[in-house]
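Here's the structure we're looking at; comments come further down.
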Amino acid sequence: MPLRLVLLGPPGAGKGTQAKRLCDRFGLIALSSGDILRAEIREGSEVGKKASQYVSAGTLVPDDVITAVMLVGIDKVPAGKGFILDGFPRTVPQAESLEQGFRSRGVAIAAVLDFNMDDRDIVQRIVNRRSCGKCNAVYNVAFLPPKQPDICDVCGSALVQRVDDREDVVTTRLKTYRAQTAPLVEFYRGRGLLRRIDASASADAVEAAARKIVESIGA
Ligand code: AP5
């Protein structure tokens, strides 16, 4: 059965970094709600216009907007292919809508990987993050730098800093996470799907822990 995973955890905990590694290793497709919203904002689409103010401020885009966008993304995944939801769901209503959407499609989540990390370390990761505006590859000038400064290793484009990676916005994002997303830990624990990961370790160590979990559920 195709593997369907959810990555849960605070901003900057390394969900996107590990989604990429797990997709490469297990042949999955990554559906990052943040990447999808940023692409919509760049294109100036209706969704992008609705989302822009929330993303820049570090607050959540309305549940109905993001849920519709993500279900469209899920329906585009080729039949028989597994996927990773990175950054979605982020509220209990989103998780309930996803559950309903999955039920009507006859599919289910295999596991929710819960990335745990202290807020202080998160800020250091985020303010040092640089992203490729073209292919979405992610680097960190302190911990995981590109081979050439400010140039993407994958596609050679210029690296940029996200508008929501300023320290003041990061503080809002962390508060938003603790208030609105952290309740999903109990939601998924109650369903027997939650698998905890220490996200403060090195990227290779986190990857090894995540791989072990995925292998244990039968990938
Ligand atoms: P989104 O893009 O999803 O942001 P996020 O959840 O805040 O997560 P990040 O992308 O900041 O971090 P990450 O955990 O992926 O870490 P990364 O791997 O990059 O969302 C942005 C906005 O969109 C939201 O604020 C909201 O407005 C909106 N939105 C999105 N989804 C929504 C939803 N479902 N509902 C409503 N609104 C929604 O790593 C971080 C840095 O650390 C990088 O520099 C990386 O190189 C480095 N790093 C990674 N792992 C390690 C490691 N182990 N050691 C050292 N450095 C590491």
Side-chain angles (χ1 to χ4, degrees), residues 5 7-45 48 51-61 73 83-88 90 113 115-177 181 197-211:
L5 301 172
L7 303 192
L8 183 64
K15 303 179 298 295
T17 301
Q18 297 302 331
K20 166 90 181 62
R21 291 178 180 217
L22 291 172
C23 285
D24 291 349
R25 175 69 181 81
F26 296 106
L28 306 172
I29 291 178
L31 294 172
S32 155
S33 52
D35 284 349
I36 291 170
L37 289 172
R38 283 183 287 278
E40 297 278 352
I41 292 168
R42 273 197 304 274
E43 284 162 20
S45 70
S52 176
Q53 57 175 311
Y54 300 100
V55 173
S56 318
T59 55
L60 294 185
V61 171
F83 57 83
I84 297 180
L85 296 177
D86 162 17
F88 177 85
R90 230 159 162 121
L113 309 192
F115 286 60
N116 279 267
M117 204 172 152
D118 283 348
D119 288 3
R120 195 192 52 235
D121 299 331
I122 283 174
V123 175
Q124 276 317 303
R125 280 199 189 170
I126 295 186
V127 296
N128 287 310
R129 170 168 48 197
R130 299 294 180 273
S131 314
C132 177
K134 195 169 175 198
C135 75
N136 295 325
V138 173
Y139 303 87
N140 191 291
V141 292
F143 308 118
L144 295 163
K147 291 187 184 113
Q148 288 182 62
D150 299 324
I151 303 289
C152 178
D153 293 351
V154 180
C155 72
S157 301
L159 300 182
V160 292
Q161 187 166 30
R162 278 170 40 178
V163 287
D164 57 344
D165 278 354
R166 290 197 334 257
E167 202 163 338
D168 55 328
V169 184
V170 174
T171 306
T172 304
R173 286 165 62 196
L174 283 168
K175 281 189 189 147
T176 303
Y177 177 81
T181 308
I197 290 190
D198 174 10
S200 66
S202 72
D204 289 346
V206 176
E207 181 185 355
R211 273 191 187 198

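Values below: every heavy atom of this structure, side chains too, minus hydrogens, waters and symmetry copies. The residues of the chain are indexed from 1 along the displayed sequence.
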Are Phe143 and Ser202 close enough, and set up right, to give a side chain to side chain contact (heavy atoms under 4.5 Å, CB included), and what steps lead you there? CA-CA 9 Å; Phe143 308 118; Ser202 72; over 6 Å; no
Out of the candidates Asp164, Leu174, Ile126, only one should pair with Val169 under the side-chain contact (heavy atoms from CB on, under 4.5 Å) rule; please name it. Asp164
Calculate, to the nearest 0.5 Å, the distance between atoms [atom1] and [atom2] belonging to [X] and [Y] respectively.
X	Y	atom1	atom2	value
Asp119	Lys175	CG	NZ	10.5 Å
Arg166	Arg173	CZ	CZ	11.0 Å
Ile84	Gln18	CD1	CD	9.5 Å
Thr17	Leu7	OG1	CG	10.5 Å

If only atom types and distance count, is the side chain of Ser52 paired as donor or acceptor with the main-chain N or O of Ile41 below 3.5 Å?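 It does not hold such a pair.
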Donor-acceptor under 3.5 Å (Thr176 side chain, Gly58 main chain): yes
Give me each pair satisfying salt bridge (charged side-chain N to carboxylate O under 4.0 Å, His left out) with a member in residues 120-145, each pair once, sequence neighbours excluded. Arg129-Asp165
Full working for side chain to side chain contact (heavy atoms under 4.5 Å, CB included) between Arg21 and Asp204: CA-CA 10 Å; Arg21 291 178 180 217; Asp204 289 346; 2.8 Å; yes
If every non-hydrogen atom of Cys152 is compared with every non-hydrogen atom of Cys135, which pair is closest and at what distance?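 Smallest heavy-atom distance, with atoms named: SG-SG, 3.7 Å.
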What's the shortest heavy-atom distance between Tyr139 and Asp153, and which atoms? OH-N, 2.8 Å
Once side chain to side chain contact (heavy atoms under 4.5 Å, CB included) is applied, do any residues pair with Glu167, and if so which ones, sequence neighbours excluded? Val123, Val127
